[in-house]
Undergrad: 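Quick one: the structure is below, and I'll ask about it shortly.
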Amino acid sequence: MSAARDSDKYATSAHYGGSGRISRAADRRSLTVEATFSLRSEVRLVTDVFAPTTPDLAEVYRPAGRCAAIVDATVDRLHGGALRAYFAAHGIPLTTMVCRALEEDKTFDTVRRMAAFLGGEECDVARDEPVLVVGGGVLTDTAGLACALLNRRTPYVMIGTSIVSAVDAGPSPRTCVNGTLIKNAMGAYHPPVLTLVDRALFRTLAPEHLRHGVAEIVKMGAVDDEGLLVLLQRHGRGLLETRFATTGEDRGLAAIADEVLFRSLYAYLRHEGTNMFETHQDRPHAYGHTWSTKFEPVAGLLHGHAVAVEMAFTATLATLIGWLDEDSRDALLEVCRDLGLAVHHPVIEDLELMRVAQESVRRKRGGSALWAVAPRGGLGKCDYLAEVEDSLLAEAVDRHRVRCAGFPDGGAGLGMYLRDARWS
Ligand SMILES: NC(=O)c1ccc[n+]([C@@H]2O[C@H](COP(=O)([O-])OP(=O)(O)OC[C@H]3O[C@@H](n4cnc5c(N)ncnc54)[C@H](O)[C@@H]3O)[C@@H](O)[C@H]2O)c1
């Protein structure tokens, strides 16, 4: 019997696969194993995920016979009733752990409590039983890591309830907690087996969280899909005002909202999803995520505003090295400002902090180079800066400061600080 047929017969998972080859050295002094691991991760746009007539969750959890779920506390308050009614309507037992999930909760202690719930007597989740995770980016990152650790790898289904977790953190393989020196520094590559995106859930998002989430969509437009950026130029403000077409009856805008989400997910996944283990740094979705890893916590910015400040600053840097013309840079600044996203913050004028960020990120990206993403040859395309010398960094920071000093608010965003965030 071949090894492949044996591994099928004794498979432990419907979600993951793997195989390996072993070779022996002729001198019988060493053995070498080469192994591959395979996974399947689907992202699906759905309408009214908790309406009993929507089949997606029941299709996963009816065969399992029950559902163990980790739910963001705010989301539970707003949507927990509908979640419980859904499982009750389908006769599927549901056990939930409701978790506070603020940025300060991205810790190992949170992950330990989640793993204790999933692995304890109440749930004792089996190795191939998909956990349900319902919440924003903080919950995604921490509950995803708990699933990565439980049974050494347990599948999970993600319902991204914020814009960030719907289009970026949710389908992302990068589960994590914050490190001592840098954000999101510790974790595991463990994507959900299924991500359900339901924009109806965005109706209850605080305006600040809605706005900063859109920064991740601007990001994909700016470096991968100019058409997406054009959609945001034309409809971005309308999407914010109607919470992604969930507060009115405008069917045209609803179709645009779906198209924006789909394009953003496609742009993201065609890079992230085909490089699940970050084995190379051809990663346009890292735009805005180099220097901001340091200055976001120092300035206390909401993630999307920090990303937007770096996107804008890097666009100015790109004009200095001939990668981007000033009109394109200004067009990007205009999209961000129209949506109320920050394009400048004095924290980037701390050159020592910016240099420390570069050093940390270079190490994080494997040490060979910085690989900072910047638009090149127009918006919707990008390239990677292997290094940014001190003199160029200083010149770009100064040039960007002067450009943004022309704005009455100096380039600030609306509700850009973590402390500004209000809940519905
Ligand atoms: N792993 C990755 O690849 C990745 C990518 C992008 C961002 N992130 C991380 O994601 C986090 C930001 O994500 P976020 O903006 O979702 O933050 P978040 O998880 O803090 O959610 C923001 C707030 O919105 C609330 N919320 C979520 N859904 C809601 C809803 N439908 N209605 C009302 N309130 C709701 C949450 O309770 C929270 O208070 C950051 O920690 C960032 O580092 C991770």
Side-chain angles (χ1 to χ4, degrees), residues 41 49-50 70-80 82-83 98-107 110 133-145 148 158-179 182-192 195-217 219-220 243-244 246 264-265 268-269 271-273 275-276 278 283 285-289 292-293 296-297 300-308 415-416 418-424:
S41 182
V49 68
F50 299 137
I70 300 183
V71 186
D72 175 301
T74 308
V75 175
D76 188 68
R77 181 165 59 75
L78 296 162
H79 302 281
L83 169 74
V98 175
C99 277
R100 194 186 78 162
L102 306 178
E103 188 63 35
E104 68 195 68
D105 298 317
K106 275 178 81 166
T107 63
T110 302
V133 175
V134 188
V138 169
L139 196 86
T140 307
D141 285 353
T142 48
L145 181 54
M158 178 73 214
I159 300 180
T161 59
S162 68
I163 306 252
V164 174
S165 62
V167 302
D168 198 312
S172 166
R174 279 170 293 109
T175 69
C176 53
V177 293
N178 287 333
I182 200 163
K183 236 179 98 68
N184 300 338
M186 288 175 286
Y189 296 104
H190 185 45
T195 304
L196 299 175
V197 175
D198 176 9
R199 64 182 165 76
L201 297 168
F202 302 163
R203 193 176 47 78
T204 53
L205 272 173
E208 292 81 3
H209 291 133
L210 195 69
R211 177 175 291 105
H212 98 117
V214 175
E216 302 283 10
I217 303 179
K219 173 187 81 176
M220 291 321 306
R243 300 178 176 216
F244 269 68
T246 60
S264 182
L265 281 162
Y268 174 72
L269 281 170
H271 300 288
E272 180 84 297
N275 181 23
M276 283 278 186
E278 265 183 80
R283 303 174 64 243
H285 46 288
Y287 185 37
H289 289 73
S292 69
T293 53
E296 174 183 330
L301 288 167
L302 274 167
H303 181 69
H305 286 280
V307 169
M416 65 180 175
L418 271 169
R419 65 170 183 271
D420 293 336
R422 288 182 283 108
W423 286 269
S424 319

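Note: hydrogens, waters and symmetry copies are ignored here, and every other heavy atom, side chains too, is used. In each ligand, atom 1 is the first atom listed, and ligand 1 is the first ligand listed.
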Undergrad: Under a 4.0 angstrom heavy-atom cut-off, which atoms of ligand 1 come close to E103?
TA: 40 (C), 41 (O)
Undergrad: Does a donor on one side chain sit under 3.5 Å from an acceptor on the other, for H303 and E103?
TA: no
Undergrad: Checking the side chain of Y287 only, and the main-chain atoms of K219 only, is there a donor and an acceptor separated by less than 3.5 Å?
TA: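 Judged by distance alone, no pair lies under 3.5 Å.
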Undergrad: Backbone, side chain, both or neither: what part of T204 comes under 4.0 angstrom of ligand 1, heavy atoms only?
TA: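 Both backbone and side chain.
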Undergrad: Counting heavy atoms only, name the option from E104, H209, H289 that's nearest to atom 24 (O) of ligand 1.
TA: H209
Undergrad: Can you tell which part of L302 has a heavy atom less than 4.0 Å from ligand 1: side chain, backbone, both or neither?
TA: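 Within the 4.0 Å criterion, L302 makes no contact with ligand 1.
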Undergrad: Specify side chain, backbone, both or neither for L78, according to which of its non-hydrogen atoms lie closer than 4.0 Å to ligand 1.
TA: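 The answer is the side chain of L78.
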Undergrad: Would you mind running through ligand 1 and noting each atom that sits below 4.0 Å from a heavy atom of D72?
TA: 36 (C), 37 (O)
Undergrad: State whether the shortest distance between N or O atoms of G137 and N or O atoms of ligand 1 falls below 3.5 angstrom.
TA: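 N/O-N/O distance under 3.5 Å: yes.
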Undergrad: Quick check: S165 and ligand 1, any N/O pair under 3.5 Å apart?
TA: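 By distance alone, the answer is no.
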Undergrad: For E216, counting its heavy atoms only, list the atoms of ligand 1 lying under 4.0 Å from any of them.
TA: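 Near E216, meaning under 4.0 Å from one of its heavy atoms, ligand 1 has 6 (C).
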Undergrad: Quick check against the 3.5 Å criterion: does N184 have a side-chain atom that pairs as donor or acceptor with the backbone of N178?
TA: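 Absent.
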Undergrad: For ligand 1, does V138 get within less than 4.0 Å through its side chain, its backbone, both, or neither, judged by non-hydrogen atoms?
TA: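 Both backbone and side chain of V138 come within 4.0 Å of ligand 1.
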Undergrad: Go through ligand 1 atom by atom and flag the ones less than 4.0 Å from a non-hydrogen atom of N184.
TA: 43 (O)
Undergrad: Check each heavy atom of L205 against ligand 1 and say whether those closer than 4.0 Å belong to the side chain, the backbone, both or neither.
TA: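 It is both backbone and side chain that touch ligand 1.
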Undergrad: Would you check whether S172 has a nitrogen or oxygen atom less than 3.5 angstrom from a nitrogen or oxygen atom of ligand 1?
TA: yes
Undergrad: Heavy atoms only: which of H212, R203, H303, R100 is nearest to atom 15 (O) of ligand 1?
TA: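 Looking at heavy atoms only, the winner is H212.
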Undergrad: Within the structure, is a non-hydrogen atom of G135 found at a distance of less than 4.0 Å from ligand 1?
TA: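 Contact absent.
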Undergrad: Sub-3.5 Å donor-acceptor pair from the side chain of T175 to the main-chain atoms of H190, do we have one?
TA: no
Undergrad: Check R211, E208, M416 against L302 for a side chain to side chain contact (heavy atoms under 4.5 Å, CB included) and give me the one that passes.
TA: E208
Undergrad: Is it the case that the side chain of T110 and the backbone of D105 share a donor-acceptor pair, with hydrogens and angles ignored and the cut-off at 3.5 Å?
TA: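 Looks like yes, one N/O pair under 3.5 Å.
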Undergrad: Which of the numbered atoms in ligand 1 are under 4.0 angstrom from any heavy atom belonging to T161?
TA: 27 (C), 28 (N), 29 (C), 30 (C), 31 (N)
Undergrad: Less than 4.0 Å is my threshold; does some heavy atom of E272 fall inside it relative to ligand 1?
TA: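 The answer is no, since E272 has no heavy atom less than 4.0 Å from ligand 1.
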Undergrad: Counting both backbone and side chain atoms, is some N or O of R174 under 3.5 Å from an N or O of ligand 1?
TA: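 Yes - when backbone and side-chain N and O of R174 are compared with those of ligand 1, one distance drops under 3.5 Å.
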Undergrad: Does ligand 1 come near enough to L201 that some N or O of the ligand is less than 3.5 Å from an N or O of the residue?
TA: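 Such a contact does occur with ligand 1.
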Undergrad: Hey, what's the ring geometry for F50 with H79, parallel, tilted or perpendicular (30° and 60° as the breaks)?
TA: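 Aromatic pair F50/H79 classed tilted.
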Undergrad: Going by the atom numbers of ligand 1, which of them fall below 4.0 Å from some non-hydrogen atom of K106?
TA: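 Going through ligand 1 atom by atom, the ones under 4.0 Å from K106 are 9 (C), 40 (C), 41 (O), 42 (C), 43 (O).
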Undergrad: With a 4.0 Å heavy-atom cut-off (strictly under), which part of D141 contacts ligand 1: side chain, backbone, both or neither?
TA: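 Under 4.0 Å from ligand 1, D141 contributes side-chain atoms alone.
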Undergrad: Counting heavy atoms only, which part of A73 comes closer than 4.0 Å to ligand 1: side chain, backbone, both or neither?
TA: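 Within the 4.0 Å criterion, A73 makes no contact with ligand 1.
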